[in-house]
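Contents: one structure, followed by commentary.
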There are 2 protein chains.
Amino acid sequence: MSIAARRHRERAQRHDLIVATARDLAEAEGWDAVTTRRLAQLVEYSQPVLYSHFDGKDAIVRAVAIEGFADLAAQLTHARSGADEPGLALRAVCGAYLAFAAERPALYEAMFVLPIDVKFASEETPPDLKAAFGELVGAIKPFDAHPELRTEVVWAALHGLAVLRRGGRIPADAQEARIDLLVSQISEAGSLRA
Amino acid sequence: MSIAARRHRERAQRHDLIVATARDLAEAEGWDAVTTRRLAQLVEYSQPVLYSHFDGKDAIVRAVAIEGFADLAAQLTHARSGADEPGLALRAVCGAYLAFAAERPALYEAMFVLPIDVKFASEETPPDLKAAFGELVGAIKPFDAHPELRTEVVWAALHGLAVLRRGGRIPADAQEARIDLLVSQISEAGSLRA
DNA sequence: ACACGATTTCTAGCAATGCTAGTTATTCGG
DNA sequence: CCGAATAACTAGCATTGCTAGAAATCGTGT
């Protein structure tokens, strides 16, 4: 079965190449520039090859998004573990989330803005996405005994800050101050409760 | 100049008809269904007529959005004036915002998600948009002496709740509880400050 | 070494999209 | 009632996602 194995391996490599190329092109020129023709040209295959790997363009975006979840989870984990005090940890996680969104806007868009038919908050949720959300929950837990609902609201705030900022709907300059305000809101209320 | 006036009037009517039709079609079948051909057919004119009124499809979406700002401002004003106590007023405004987003998702999408080249937070900002934001500021003012930054964060949270909900990224059932949590977070912190 | 069968890959094309050039129809002033 | 200006339409372009059918490639058995 060696030759079949090799084929399988090559196919997997090409799969990854397509996903990585789509991500890079989107990051460089936006998702509008990611056309099947352009993508095919970049991976040096013809268009139909894309359709032998994915059900369509949506599936490619979805694959990019799912890979992104792992990246985000890693960033959040790293941020949280780098701070020992709960308030600082929460601040670090929120900062890391928005930094991720700002530095990799196309990837973020695939994950949280474009319609990608991925189950959120269910059993079928990709593990990396669960892990990323779990980091947020973990950062909020010290301030709330039942942190899930609060995490959803904080996540919504972070997401709002990310997309409104990117869309030019809120100014760029005070973003750090907004994070501080959001974090202080949680930690102060948490202190009360404690 | 009567005949010119009549023509001008008819043109304005057709302008409004196009915008209203685009909005209704988007609300009924989503923005993907709003194609220039479909829209032209619905207003019973040929495609090029659309381009004599608007610079392109983007401009039509923009026109829909700008009309929407007035609606949203009215809803928020009504919600705020219906409550006498600041905490209830804030709750009412936040509830009204999310109700607007949930009940008119396509309109909301045009206003706050699609790229529409409208200046936010500047002198060129449409007055109705300023008014809508002003209602939010007004509802938060009792809890913060410098409410602008906090309003941006609250708005981001509301926007996040709206779009994550609509995208199926947070579950539908606990949305009211999320609003309560968000509002209590503001009003309790405000009481502290007072 | 070579031809056959299966799999992979490509060329060519479809329908739909936003948008526009150039022609036809309409309308109004003299 | 004619001619000029205005308005509206038909037809078409380039681009999009996607696919059918031909061509090429590859592994296998003799």
Side-chain angles (χ1 to χ4, degrees), chain A residues 1-19 21-23 25-26 28-65 106 109-110 113-117, chain B residues 1-19 21-23 25-26 28-65 106 109-110 113-117:
Chain A
M1 293 294 285
S2 165
I3 71 124
R6 193 209 64 216
R7 283 196 173 168
H8 202 265
R9 203 166 49 236
E10 286 174 351
R11 235 190 123 66
Q13 271 179 241
R14 201 170 57 177
H15 175 106
D16 291 349
L17 175 64
I18 293 169
V19 174
T21 305
R23 176 173 26 73
L25 178 54
E29 304 184 28
W31 282 106
D32 280 353
V34 183
T35 68
T36 56
R37 282 175 179 77
R38 189 90 184 275
L39 186 53
Q41 191 184 344
L42 285 172
V43 299
E44 298 181 307
Y45 282 95
S46 68
Q47 273 183 287
V49 167
L50 303 179
Y51 292 87
S52 78
H53 282 274
F54 301 93
D55 279 348
K57 196 187 169 183
D58 290 358
I60 298 176
V61 178
R62 180 164 49 246
V64 170
E109 195 181 355
V113 178
L114 298 177
I116 50 168
D117 198 46
Chain B
M1 292 293 286
S2 164
I3 71 126
R6 193 210 65 218
R7 282 196 173 168
H8 203 264
R9 204 168 48 236
E10 287 174 351
R11 234 191 124 66
Q13 271 180 241
R14 200 170 57 179
H15 176 106
D16 292 349
L17 174 64
I18 293 169
V19 174
T21 305
R23 176 173 25 74
L25 178 54
E29 305 184 28
W31 281 106
D32 280 353
V34 183
T35 69
T36 56
R37 282 175 179 77
R38 188 92 185 273
L39 186 53
Q41 191 184 343
L42 284 172
V43 299
E44 298 181 307
Y45 282 95
S46 67
Q47 271 183 291
V49 167
L50 303 178
Y51 292 88
S52 79
H53 283 275
F54 302 93
D55 279 349
K57 196 188 169 183
D58 290 357
I60 298 176
V61 178
R62 181 163 50 245
V64 170
E109 193 180 356
V113 179
L114 299 176
I116 51 169
D117 199 47

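Since we're looking at a predicted model, the values are computed, not measured. Side chains are part of it too, since the values below use all heavy atoms of this structure and drop only hydrogens, waters and symmetry mates. Quick note on labels: first sequence line is chain A, next is B, and so on, each numbered from 1.
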Point to revise | Any residue meeting side-chain hydrogen bond (donor to acceptor under 3.5 Å, both in side chains) with A:Glu29, in chain and number order, not counting sequence neighbours | key: A:Arg38
Exercise for review: Look at B:Thr36 and C:dG18 and indicate whether a side-chain polar atom (N or O) is within less than 4.0 Å of OP1 or OP2.
Suggested key: yes
Study note, to complete from the structure: Rounded to whole Å, CD1 of A:Ile18 lies from P of C:dT9 at a distance of 10 Å
Point to revise | Partners passing salt bridge (Lys or Arg N to Asp or Glu O under 4.0 Å) against A:Arg62 (at least two apart in sequence or in another chain) | key: none
Review point. Residues two or more places apart in sequence or in another chain: which of them pass side-chain hydrogen bond (donor to acceptor under 3.5 Å, both in side chains) with A:Arg11?
Key: none
Review point. Could you state the CZ-C1' distance from A:Arg38 to D:dG17, rounded to the nearest angstrom?
Key: 16 Å
Check your understanding: In Å and rounded to the nearest 0.5 Å, what is the CZ to CG distance from B:Arg23 to B:Leu25?
Key -> 11.5 Å
Output side-chain donor-acceptor pairs under 3.5 Å for residues 42-52 of chain A, partner residues at least two apart or in another chain, one line each.
| residue | atom | partner | partner atom | Å |
| --- | --- | --- | --- | --- |
| A:Gln47 | NE2 | A:Thr36 | OG1 | 2.7 |
| A:Ser52 | OG | A:Val49 | O | 2.7 |

Review point. For B:Thr35, which contact category applies under a 4.0 Å heavy-atom criterion: base, sugar-phosphate, or nothing?
Key: sugar-phosphate
Exercise for review: Rounded to the nearest angstrom, tell me the gap between atom CG in A:Leu39 and atom C1' in D:dG17.
Suggested key: 12 Å
Review point. Rounded to the Å, how far apart are B:Leu114 CG and C:dG18 P?
Key: 13 Å
Practice item. Mind running a 4.0 Å heavy-atom check of residues 47-62 of chain A against DNA chain C and sending the residues that fall below it, in number order? Key: A:Pro48, A:Val49
Review point. Between B:Glu44 and A:Val34, which has a closest nucleotide on DNA chain D that is more 5'?
Key: B:Glu44
**Study point:** Minimum heavy-atom distance B:Ala110-B:Val64, with the two atoms named
**Key:** CB-CG1, 4.5 Å
Review point. Starting at CZ of B:Arg37 and ending at C1' of C:dA15, how long is that distance when rounded to a whole Å?
Key: 10 Å
Practice item. Name all residues meeting the salt bridge (Lys or Arg N to Asp or Glu O under 4.0 Å) criterion together with A:Glu10; count only those two or more places apart in sequence or in a different chain, and write none if there are none. Key: A:Arg6
Study note, to complete from the structure: Here the distance between atom P of C:dC10 and atom OH of A:Tyr45, to the nearest Å, is 7 Å
Practice item. Check every atom of C:dT9, C:dC19, D:dA8 against the side chain of B:Arg14 and return the nucleotide holding the closest atom. Key: D:dA8
Review point. B:Leu25 CG to C:dT17 P: how many Å, rounded?
Key: 11 Å
**Study point:** Separation of C:dT8 C1' from A:Arg11 CZ (nearest whole Å)
**Key:** 9 Å
